[in-house]
Amino acid sequence: MHPTPPLIPHPALLSTNAPASPLTPTTPGFYLRPRPHGFAAHVCASPQNLCAVRQLARAELLAQGIEDDAVDSAQLVLSELVGNSVRAYGEYVPLVVEVYVTAYGVAVNVHDPDPEALPRRRATPLDSAEAEAGRGLGLVDLLAPGWHVRRSAIGKQVCCRVPAEPGGS
């Protein structure tokens with residue numbers, strides 16, 4: 001069995017003048033665990049942490065050679081899944097967000113603490129001009145076909161694979 005890498009407090013990732021070292025603890029509630037071809041971020045859900053995870057996902061996926069369109073799709077899937085957790089449990093819910101490149105595309109997985117509350121699609125058509133909400137899982141269906149939910153040690157995990165091929169931007 002391999003030892004689990006330590007949780008690394010992540011720096012203020014996204015300030016242009018922040019140090020690049022992942023060892024500088026400056027953001028409470030945001031811990032980064034590197035993994036092959038990506039990362040796992042342990043976060044308390046907040047607008048700032050969602051922004052940080054989205055930017056981290058963009059930087060990591062581009063560094064892995066994923067094309068811009070697939071990066072944009074992965075960021076949208078990530079936002080929808082985190083947004084669903086926040087709507088279900090409120091801001092500052094503890095989440096684990098994983099983003100990494102596989103042979104089959106980009107994996108975007110979000111763990112939340114409730115194994116019983118499953119994501120539900122609403123009947124809102126994606127092209128409805130009147131709808132103000134309820135299209136998120138429809139978008140996830142389009143961008144990450146075949147997504148699924150499974151129980152995890154944390155509660156549950158929504159697992160998505162965004163089709164992508166390395167190609168650089």
Does the pair Glu98 and Arg33 meet the rule for a side chain to side chain contact (heavy atoms under 4.5 Å, CB included), with working shown?
CA-CA 9 Å; Glu98 298 176 295; Arg33 184 179 301 230; over 6 Å; no

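- Between Cys160 and Leu81, the shortest heavy-atom contact is SG-CD1, 3.7 Å.
- Here OG of Ser73 is found 11.5 Å from CD1 of Ile66. Values are rounded to the nearest 0.5 Å.
- Rounded to the nearest 0.5 angstrom, Glu60 CD and Gln55 CD are separated by 14.0 Å.
- Contact record, Asn49 with Cys44: ND2-O, 2.8 Å, taken as the closest heavy-atom pair.
- Taken together through direct or relayed side-chain contacts under 4.5 Å among Ile, Leu, Val, Met, Phe, Trp and Tyr, Leu32 and Val110 form part of one hydrophobic cluster.
- Between Asp72 and Arg54 there is no salt bridge, since no side-chain nitrogen of the basic residue lies less than 4.0 Å from a carboxylate oxygen of the acidic one.
- Rounding to the nearest 0.5 angstrom, the gap separating the CG atom in Asn84 from the OG atom in Ser79 is 11.0 Å.
- Criterion: ILVMFWY side-chain heavy atoms under 4.5 Å apart, direct or through other members. Under it, Val140 and Val149 are part of a common hydrophobic cluster.
- The distance from the CG atom of Asp69 to the CG atom of Leu143 is 10.5 Å, given to the nearest 0.5 Å.
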CA sep, side-chain torsions, deciding dist, call: Val158, Val108, side chain to side chain contact (heavy atoms under 4.5 Å, CB included):
CA-CA 8 Å; Val158 181; Val108 178; over 6 Å; no

Leu78 and Leu50: CA distance, side-chain angles, deciding distance, side chain to side chain contact (heavy atoms under 4.5 Å, CB included) verdict:
CA-CA 9 Å; Leu78 185 153; Leu50 174 57; 3.6 Å; yes

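- Nearest heavy atoms, Ala70 versus Ala164: CB-CB, 3.5 Å.
- Closest approach of Gln64 to Gly38, counting heavy atoms only: NE2-N, 4.5 Å.
- When the side chains of ILVMFWY residues are joined at heavy-atom separations under 4.5 Å, either directly or via intervening members, Leu95 and Tyr92 end up in two distinct hydrophobic clusters.
- Here the straight-line distance linking atom CZ of Phe39 with atom CG of Leu61 works out to 7.0 Å at 0.5 Å rounding.
- Residues Tyr100 and Ile154 fall into different hydrophobic clusters, defined by Ile, Leu, Val, Met, Phe, Trp and Tyr side chains chained together at heavy-atom separations under 4.5 Å.
- For the atom pair CG of Leu56 and CZ of Arg58, the computed distance is 12.0 Å after rounding to the nearest 0.5 Å.
- Hydrophobic clustering of Ile, Leu, Val, Met, Phe, Trp and Tyr side chains at less than 4.5 Å, counting indirect connections, keeps Val43 apart from Val96.
- Between Lys156 and Asp112 a salt bridge is recorded (basic side-chain N to carboxylate O distance below 4.0 Å).
- Defined by atom type and a distance below 3.5 Å, a donor-acceptor pair is present between the side-chain atoms of Arg161 and Asn109.
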